[in-house]
Amino acid sequence: MQSVESQPLRQAFHRVLAEDVVAAQDVPAFDNTSMDGYAVVSADTLRASEAAQVRLSVSGEVSAGKMYSGTLKPGEAVRIMTGAPIPIGADAVVEQEVVRASNGFVEIGTVVQPGRNIRRKGEDVRAGTVIMHRGTFLRSAHLGVLASAGASSVQVYRTPSVAFLTTGNELVEIDSIPASGQIRNSNAYSLWGLIQEAGAEPVDIGTAKDDKHELSQKLREGLKQDVLITSGGVSVGAYDYVLKTLEELGVKQKFWKVNIKPGMPFFYGVYHDANRVVPVFGLPGNPVSTMVTFLQFVRPALQKMMGREDFEVVRLKAKIEHDIHKKATKRHFLRGIVRNEAGGLIVTTTGTQSSGALTSMAKANCFIVVPEDVTELKAGDEVGIELF
Ligand code: AMP
Ligand code: MG
């Protein structure tokens, strides 16, 4: 389990709450008005109509941050501004837009129901109740709720550090011009983003050539962090040394190869230190495979490690726009674009589905998940999607 630290509220943004937060007070703390207008005794307006306006005398005013000192009596109204406490005796607020005010009087041509425009004490949050549970990922609304409850600092889980190593003789830095046979190291960037988006702290340990000695050095460095991710070199190519080197360093394989496309050669193992366990994820190097396996396997694991209880992938059904054929073996994660049309969801693929074509991920807003045993989908068939 991750250790816990106290953080001022803004520093807790996009972190995971490590305590149940209990409200000390009701929110709102008092009945107040949601509109600018006039606080009234609703019974006064029982017979009001456009033709028979009810005339009330305005006995004062109350604005946000003030209290009305008197008690409202039948026949009276108090001018009131949004957020101001409801005066004693009043049970409704009639909006300014529907009344006529002049010379200390207000005329109302409509029946005002009790409770109109009143936000009740405790309607948002009740004192003594848990307003936010341990394991909640703190987004902007959560900061606001905690702020209104007076939680100026909160306990959050420590952010795990996630080392990532890219591997391959063909990789060059992105600011150089690749010579023939070379490619730019794009995974170092997509992985950095994925780790950040998951709420963890990326630690770039660089790039290793397909060389056991260099791999060993870099992997050793990576194992000092809470989690280690590698990209490339986990398949069955002649220079795929990552798994062998991990094994030599004492990483125990939990599984290797998963029945999905893209991403089949995915590896998972654990490294036991004196008092630490480091999960190790070996992602295939094809840029789409790297992202798919991260999202399918690494992200949920990170969320769990971070103590997050509210993480859920949004899974929906959509109608596929064109036919799809595949072999009945693996589960496919196609890159899709889903849109809402005539009240239903329609999904289309992003074009080429090669595991090297990373633009397919950039264009997509969802995965189209085609199950293992399905070989054919006809245009108009329902298919499962996972929103990004
Ligand atoms: P590998 O998993 O090492 O067999 O690599 C599979 C494919 O992914 C090869 O075409 C590699 O050139 C490519 N690849 C591997 N690592 C990266 C990377 N960091 N950035 C972009 N492409 C990569
Ligand atoms: Mg490679």
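Just follow the structure's listing: the first ligand is 1, and inside any ligand the first atom is 1.
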**Q.** Enclosure of Q96 CD (heavy-atom neighbours >12, cutoff 6.0 Å)
**A.** yes
Which heavy atom of the protein is the closest neighbour of [atom], given with residue, atom name and distance?
atom	answer
atom 9 (C) of ligand 1	E170 OE2, 4.1 Å
atom 19 (N) of ligand 1	N185 OD1, 2.8 Å
atom 4 (O) of ligand 1	D240 OD1, 4.1 Å
atom 18 (C) of ligand 1	N187 ND2, 3.2 Å
atom 7 (C) of ligand 1	N286 OD1, 3.4 Å

Only heavy atoms of [X], strictly under 4.0 Å: list the atoms of ligand 1 that pass.
X	answer
I183	12 (O), 21 (C), 22 (N), 23 (C)
T167	16 (N)
R184	20 (N), 21 (C)
T166	19 (N)
G233	1 (P), 2 (O), 3 (O)

Touching ligand 1 at all, [X]? Heavy atoms, strictly under 4.0 Å?
X	value
S186	yes
P287	yes
V234	no
S235	no

Q) Is it the case that K212 places NZ or CZ above or below the six-membered ring of Y241, under 6.0 angstrom from the centre and within 45 degrees of the axis? A)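 Yes, K212 lies over the aromatic ring of Y241.
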(Q) Let's go through Y239 and T167 carefully: what are the C-alpha distance in whole Å and the side-chain angles of both, what is the deciding distance for side-chain hydrogen bond (donor to acceptor under 3.5 Å, both in side chains) to 0.1 Å, and is it a yes or a no? (A) CA-CA 10 Å; Y239 303 97; T167 73; over 6 Å; no
Q. Are R315 and E386 within salt-bridge range, i.e. N to O under 4.0 Å?
A. yes
Q. Side chains of R119 and S34: donor-acceptor distance under 3.5 Å anywhere?
A.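 No, no side-chain donor-acceptor contact under 3.5 Å.
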Q.
Over 60° means perpendicular and under 30° means parallel, so tell me whether F137 and H14 are parallel, tilted or perpendicular.
A.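 The rings of F137 and H14 lie parallel, inter-plane angle below 30°.
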Q) Are any of the N or O atoms of G285 closer than 3.5 Å to those of ligand 1? A)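 Yes: some nitrogen or oxygen of G285 is under 3.5 Å from one in ligand 1.
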(Q) Would Y157 and R15 count as a side-chain contact (heavy atoms from CB on, under 4.5 Å) here? Give the steps. (A) CA-CA 7 Å; Y157 290 111; R15 303 281 299 268; over 6 Å; no
Q. Should the proximity of L171 to ligand 1, defined as any heavy atom under 4.0 Å, be assigned to the side chain, the backbone, both, or neither?
A. side chain
(Q) For S186 and I174: C-alpha separation, side-chain torsions, deciding distance, then whether side-chain contact (heavy atoms from CB on, under 4.5 Å) applies. (A) CA-CA 7 Å; S186 62; I174 58 170; over 6 Å; no
Q) For the residue pair F297 and F266, is the inter-centroid distance of their aromatic rings smaller than 6.0 Å? A)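 Here the rings of F266 and F297 have centres that are less than 6.0 Å from each other.
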Q: Could you point out which residue of P265, S235, P284 forms a side chain to side chain contact (heavy atoms under 4.5 Å, CB included) with D240?
A: S235
